[in-house]
Undergrad: 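Here it is: the structure, laid out below.
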Amino acid sequence: MAVRIKYFASLRDRLGRAEDRLDPAVALTVAEVWATLWPDTPLPPNTLAAVNMEYASPEQTVRDGDEVAFFPPVTGG
Amino acid sequence: MAVRIKYFASLRDRLGRAEDRLDPAVALTVAEVWATLWPDTPLPPNTLAAVNMEYASPEQTVRDGDEVAFFPPVTGG
Amino acid sequence: MKVELRATPFDPLLELGCYQAGLDERLSGRYGATAIFIGTMRDFNDGDTVQEMTLEHYPGMTERHLQRIVESAAREWPLLDALLIHRIGALQPNDPIVLAAVWSAQRAEAFAACRFIMEELKSKAPFWKRERTAAGPRWVAHNTPG
Amino acid sequence: MKVELRATPFDPLLELGCYQAGLDERLSGRYGATAIFIGTMRDFNDGDTVQEMTLEHYPGMTERHLQRIVESAAREWPLLDALLIHRIGALQPNDPIVLAAVWSAQRAEAFAACRFIMEELKSKAPFWKRERTAAGPRWVAHNTPG
């Protein structure tokens with residue numbers, strides 16, 4: 001199972017990278033994807049998540065081939 | 001005492017004239033101005049009145065030199 | 001702030017562009033929000049085709065009330081500028097009737113003030129529409145609710 | 001309906017004029033109301049002078065959500081047309097950021113839909129602003145409430 005992870009804006013700057021890749025042996029939730037990649041860094045408050053470009057809850061299950069994104073509150077307009 | 005009276009839009013068309021003049025011996029209210037000029041025609045429902053270009057109630061007293069206007073609901077914009 | 005009656009057709013976008021060019025000399029970088037409303041003459045109303053429309057007004061009272069409406073909006077919300085242009089006279093379908101534009105730092109007050117100006121104008125400014133239809137001329141009895 | 005991201009400066013009034021010229025071929029005389037919002041870059045924010053701004057987005061997700069926001073508005077209100085253009089990339093003060101315009105028969109739905117599009121965009125479309133101030137660059141933490 002392969003999952004692509006993207007980070008945007010201040011979160012990307014803070015983490016020091018824009019993308020990650022994960023090949024977990026078992027199905028993970030969005031929250032578990034983060035915890036696996038960043039075991040020492042709790043997900044910053046107000047961070048939003050998307051799976052395949054749709055907003056997702058931390059409990060949402062991630063499937064093979066999914067793209068998971070983490071980003072701060074949006075500030076467009 | 002001299003009072004000018006103006007009629008606008010559908011009300012003017014209905015009355016067949018745009019202006020009137022009144023020289024009442026005593027002070028009149030807006031409603032009395034109408035009743036004096038049009039004793040046989042009740043003020044049509046929803047008719048608005050203005051005194052010196054400010055919206056006025058039927059009870060408002062009209063003074064010497066005032067301009068009184070009667071018109072239907074406004075439909076600008 | 002500018003409030004104006006126009007007896008001949010006008011181009012709202014051109015008016016906006018010209019007005020904003022002058023405004024930018026004073027306010028460049030200060031406004032973050034512009035809310036604009038344009039009212040345009042339709043070729044139908046109440047189920048009938050409308051061929052032409054005449055906008056009557058009460059000279060003096062109309063200008064005074066339009067001015068007051070814009071001033072009220074500027075007292076109620078922190079506006080940086082406002083522009084209000086309204087047609088009078090004979091209009092053809094698709095002719096602009098009214099342009100209301102407000103500039104402010106942020107969007108909430110721009111939206112609220114623009115809406116306020118239009119609702120006040122519709123309910124208080126002495127204008128009257130007479131439509132020419134196939135069945136002859138008729139006065140528009142009342143505005144649609146906001 | 002048109003939804004577009006722009007990587008270079010655009011003129012909202014020119015865009016509106018061009019779009020409406022095409023729209024008039026189909027809808028001349030049918031729309032009575034156009035509600036427009038233009039968001040412009042200010043040269044100050046949170047008490048500091050802002051020299052430049054960069055708008056980051058999430059390619060793919062941003063376009064999808066903008067499109068969906070406009071479609072939601074068109075489902076909720078009887079819109080005749082809508083135009084939404086949003087900048088990405090490097091902006092200078094006074095540069096337009098966003099243009100939202102809707103056309104409808106009457107004003108209530110035009111105002112409501114334009115406001116809805118902006119509030120949805122502000123809360124859901126994945127854009128992020130980074131400002132350059134005298135003290136260095138900083139990310140804008142959140143939007144002002146609508």
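What you see below is based on every heavy atom in this structure, not just the backbone, and it leaves out hydrogens, waters and symmetry mates.
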Undergrad: Should D/Arg107 and C/Glu119 count as side-chain neighbours, where that means a heavy-atom distance under 4.5 Å?
TA: yes
Undergrad: In Å, rounded to the nearest 0.5 Å, how long is the span from CD of C/Gln106 to CG of D/Asn143?
TA: 9.5 Å
Undergrad: With a 4.5 angstrom heavy-atom cut-off, is it the side chain or the backbone of C/Asp24 that approaches chain D, or both, or neither?
TA: side chain
Undergrad: Counting only heavy atoms not in C/Lys2, do more than 12 sit closer than 6.0 Å to its NZ atom?
TA: yes
Undergrad: If we define contacts as heavy-atom pairs under 4.5 Å, which of D/Gly32, D/Pro12, D/Pro93 has the most with chain C?
TA: D/Gly32
Undergrad: Count the heavy-atom pairs under 4.5 Å between each of D/Trp103, D/Phe37, D/Phe44 and chain C, then report the option with the highest count.
TA: D/Phe37
Undergrad: Quick check on the interface: out of D/Ser28, D/Ala110, D/Gly17, who has the most heavy-atom pairs with chain C under 4.5 Å?
TA: D/Ser28
Undergrad: When rounded to the nearest 0.5 angstrom, what is the spacing between CD1 in D/Ile36 and CD1 in C/Ile36?
TA: 5.0 Å
Undergrad: May I ask you to name which of C/Ala112, C/Ala101, C/Ala35, C/Ala105 has the most heavy-atom pairs under 4.5 Å with chain D?
TA: C/Ala105
Undergrad: Compare all side-chain heavy atoms of D/Cys114 with those of C/Phe111 and state whether any distance is below 4.5 angstrom.
TA: yes
Undergrad: What are the two closest non-hydrogen atoms of D/Asn94 and C/Tyr31, and how far apart are they?
TA: OD1-OH, 3.6 Å
Undergrad: Going from CD1 on C/Ile38 to CG on D/Leu16, what distance comes out if it is rounded to the nearest 0.5 angstrom?
TA: 7.0 Å
Undergrad: Below 4.5 Å from any heavy atom of chain C, which atoms of D/Ala100 appear? Answer side chain, backbone, both or neither.
TA: neither
Undergrad: Could you tell me the separation between the CG atom of C/Asp11 and the CD atom of D/Gln20, rounded to the nearest 0.5 Å?
TA: 9.0 Å
